[in-house]
Amino acid sequence: MEESSKAYDAKQVEDKIYKLWEDSGFFSPDNLSGTQINADKTRINADRIRDNQRRIRVNPRVNGKPFTIIMPPANANGNLHAGHALVMTIEDIMVRYKRMQGFKALWLPGLDHAGFETQVVYEKKLEKEGRSRFKMEPQELYQEILQFTLENKKNIEGQIKKMGASCDWSREKFTLDQDIVKIVYETFEKLHNDGLVYRGRKIINWCTKHQTSLSDLETIDSEQTDKLYYLKYGPFTIATARPETKFGDKYVVIHPKDPRYANYKEGQKLALEWINGPIEATVIKDEAIDMEFGTGVMTITPWHDAVDFSIAQKHDLDKEQIIDFYGKLLPIAGEFSDMKIGEARAKIIEKLQAKGLVEKIDQQYKHVVKKCYKCETLIEPQIKDQWFLKMAPLAKPIIELIEKNKVTFIPEHYKKISLHWLRNIVDWPLSRQIVWGIPIPAKSCEKCGYTLVETEVIRGPTSDSLSDVGPRMAVCDRCGGTMKKETDTFDTWFSSGQWPFATLKAGKKDDFKTFYPTDVMETAGEIIFFWVARMLMLGNYITKKIPFTTVYLHGLVLDAKGQKMSKSKGNVINPLDITEKYGTDALRLGLVIGNTPGTSLALDENKIKGYKHFANKIWNATRFVLLNQPTRIDADSNADLRGSKIVLSARQKKHLQELKKLIKETTKLMDNYKFYIAAEKIYHYFWHTFCDTIIEESKSALADSTESRGNSRGITQKLKERQATQYMLLEILSTSLKLLHPFMPFITEEIYQQLPLKNKKECLMIEEWPT
RNA sequence: GGACGAUUAGCUCAAUUGGCAGAGCGACUGAUUUACACUCAGUAGGUUGCAGGUUCGAGUCCUGCAUCGUCCACCA
């Protein structure tokens with residue numbers, strides 16, 4: 001340690017060390033086939049020390065076996081946030097640990113175009129510039145978002161490196177890469193051929209702001225208090241919170257067993273006065289009606305309500321659109337047509353009141369409404385032709401596999417959560433009305449609905465054309481109608497749902513064979529349904545194998561007070577700022593210690609500051625050990641010492657045994673994914689045992705021997721003691737660095753590079769995990 | 001309405017699966033200039049949310065309750 005600075009300076013080290021790793025090639029498993037084990041063993045003074053306690057054993061069971069983690073593809077639409085930092089830290093810990101154990105460790109990085117998410121981000125940007133996507137040509141918009149995404153992609157890649165991620169950049173994938181898109185299309189085609197994909201005219205969640213449909217997962221429930229209006233509908237009174245949808249209501253539904261309405265027969269016609277004049281209503285009986293609610297009678301609006309839609313489907317009733325896709329009333333509303341629903345509601349009630357049709361108004365009606373998870377605009381259910389994926393057949397085998405514990409969930413309770421969701425799964429609306437995504441490669445007949453999937457033309461990130469997917473086919477084979485090319489894109493999760501097998505199949509030769517199924521899927525508990533469940537289903541459907549055997553789910557990263565980070569609250573912790581201030585290793589420790597899987601973590605800057613101090617402690621302990629290593633003068637001053645065996649004192653042997661115990665415990669904890677305890681244990685050992693006890697104890701033995709009196713035999717004894725101490729200190733230091741490496745890769749590597757070890761490896765990253 | 005968590009020191013959380021309740025931060029007292037003030041030695045701080053039960057033994061398992069949180073669900 002030439003400069004021998006008293007403080008560890010992360011800034012001077014990190015980029016240099018990352019480059020060292022990248023240049024070494026050991027991020028790639030191709031360069032790992034047991035090489036890190038087969039190379040000369042790292043032995044401290046190996047040629048002259050035979051210490052049984054430190055015999056390195058190669059574990060043949062482990063040597064050269066693959067270990068694979070597919071990185072959750074980060075959204076390429078912004079900067080690395082605290083959640084990403086946690087992903088990078090946990091996964092890097094797993095991979096570095098396994099790599100040191102001799103596995104052919106592959107951590108495959110990737111990025112996601114993140115369809116809707118990115119488009120929303122970009123639309124906000126457009127808004128700020130006073131522009132709108134609805135005034136742009138689709139091609140133009142696509143090109144702009146593409147540029148934006150590619151810039152962010154580069155940006156994020158740099159930030160991932162900053163976190164110390166030891167992933168194999170030579171295998172990096174992007175969801176819009178041509179080879180990935182090709183695989184996505186093949187999957188879609190197979191699903192279509194198997195009858196699992198269908199185009200259906202069903203009720204969907206429509207966001208009037210973003211002009212797209214959304215899956216149930218992309219909506220949030222919001223409880224609010226509204227007025228509940230009791231309206232006279234012929235002989236009945238109906239209750240509704242949404243009078244503005246009622247223009248087309250011509251079916252009145254009652255429970256078949258309701259004694260109050262037993263006189264009314266199914267299908268009976270009634271003439272009655274309604275909002276804009278006389279209409280004819282038809283009586284329908286259905287058990288979906290809750291006799292307890294309101295008056296036990298309701299009219300239905302199948303186009304704009306999911307319950308009503310299902311009743312209408314069941315009884316084959318007419319459906320009529322009342323509200324357009326921008327949230328405005330259609331001509332059916334007569335004088336109210338073209339009004340926004342919010343504005344229309346009060347006016348409609350006024351009119352109804354004037355006509356004497358309002359019986360009463362309940363002012364305090366609490367109910368739950370759906371909102372767009374991005375902009376919180378009220379979701380307007382609409383009937384629309386959409387592509388759907390039948391989920392039940394895909395879920396069935398996964399339910400069985402989970403029940404048989406073929407997938408391990410960490411923490412365990414996610415097993416129940418997953419099973420519950422899978423058992424109640426509904427069909428997945430795959431299509432989105434946005435330009436930023438993978439185009440759905442299909443045509444459908446406007447007349448008979450016949451669909452044709454065409455996968456020939458692939459659009460990758462470098463392609464500049466949105467048009468012409470597949471050969472034209474103007475006329476429907478079946479009925480002679482017009483075939484219309486699909487303009488919708490896939491839900492982004494449809495492509496990321498295929499990520500584990502898609503990335504490996506699109507990878508180097510034999511990658512799929514070697515690394516699939518993968519070992520661990522580590523991601524946020526939040527996206528278990530969005531992503532994990534869908535990967536299991538799609539992965540198993542295509543490959544007949546479960547895509548990963550262990551699912552490790554982490555929680556949210558919160559601010560120091562346990563509040564969710566958000567830009568509006570101004571409590572967002574930018575991991576790169578932290579890195580800048582305290583060093584990446586400190587941030588990594590702060591993210592992992594005290595963070596149990598599945599639970600959220602309050603990230604306190606003070607805590608990270610504490611781990612910066614720890615980094616400094618390691619730095620200074622190293623300085624002490626190195627300052628006290630044997631010098632030429634030591635070796636020359638007493639010929640008796642040359643070639644002599646190290647003789648450890650009983651106390652020193654005990655220290656080494658304790659180290660052994662630490663290794664054993666740490667290894668067990670690492671194997672059980674208890675990184676939060678493992679890290680803390682090593683931390684505690686290093687600081688309070690190694691530094692506070694062992695180093696302090698060593699000082700007398702290391703003191704200048706010229707002060708010791710007595711004969712030459714005494715001096716030799718003294719030198720022997722010193723030599724043993726020097727050996728022990730270096731031994732404990734280097735072993736501790738190995739244990740710490742997965743957690744704090746930068747400082748440990750930097751120090752390793754400077755240690756006077758014999759048979760040193762090219763880098764600590766490929767050193768052998770101690771046993 | 002259903003499901004799943006959580007509740008332990010002032011704060012943030014552990015407790016390697018039933019075996020002496022522990023860390024970090026913070027607080028307090030003191031030390032010290034030859035690895036480190038980004039230091040060291042020490043102190044205080046707990047009826048583990050409440051009430052029962054099982055057990056030689058319960059923070060941990062069972063039952064009930066309370067509070068908080070999250071997810072799921074089509075009551076107009």
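Chain letters run A, B, ... following the sequence lines, proteins first, then strands; residues in each count from 1.
A/N595 comes within 4.0 angstrom of nothing in the nucleic acid, heavy atoms only. Residue contacts for A/D604: at a heavy-atom cut-off of 4.0 Å it reaches no nucleic acid atom on any strand shown. Counting non-hydrogen atoms under 4.0 angstrom, A/F614 reaches nothing in the nucleic acid.
Taking side-chain N and O atoms only, A/K674 has no distance below 4.0 Å to OP1 or OP2 of B/U17. Taking side-chain N and O atoms only, A/H688 has a distance below 4.0 Å to OP1 or OP2 of B/G24. Look at A/Y673 and you won't find any side-chain N or O under 4.0 angstrom from OP1 or OP2 of B/U16. Side-chain N/O atoms of A/Y414 include none lying less than 4.0 angstrom from OP1 or OP2 on B/C71. At least one side-chain nitrogen or oxygen of A/T596 sits closer than 4.0 Å to the OP1 or OP2 atom of B/A14. For A/T295 and B/A76, the shortest distance from a side-chain N or O to OP1 or OP2 is not below 4.0 Å. Phosphate contact (OP1/OP2 of B/A35, side-chain N/O of A/K699, threshold under 4.0 Å): present. Under 4.0 angstrom from either OP1 or OP2 of B/C36 there lies no side-chain N or O belonging to A/K612.
Taking the six-membered ring for Trp, A/F409 and A/Y552 have ring centres at least 6.0 Å apart.
Salt bridge absent: A/K227 and A/D362 never bring a charged side-chain N and a carboxylate O closer than 4.0 Å.
Both A/K681 and A/F690 sit near RNA chain B, but only A/K681 has its closest nucleotide nearer the 5' end.
Nearest to the side-chain atoms of A/F529 among the listed nucleotides B/C71, B/C4, B/U39 stands B/C71.
With both ends at atom P, the span from B/G19 to B/C62 equals 15 Å, rounded to whole Å. A gap of 23 Å separates the C1' atoms of B/C50 and B/G45, to the nearest Å. Taking atom C1' in both B/G26 and B/A3, the straight-line distance is 38 Å, to the nearest Å. Nucleotides B/U67 and B/A14 place their C1' atoms 23 Å apart, quoted to the nearest Å.
Checked by distance alone, A/K607 brings no side-chain donor or acceptor within 3.5 Å of a matching partner on the base of B/C25. At a cut-off of 3.5 angstrom, the base of B/A41 holds no donor-acceptor pair with the side chain of A/E696.
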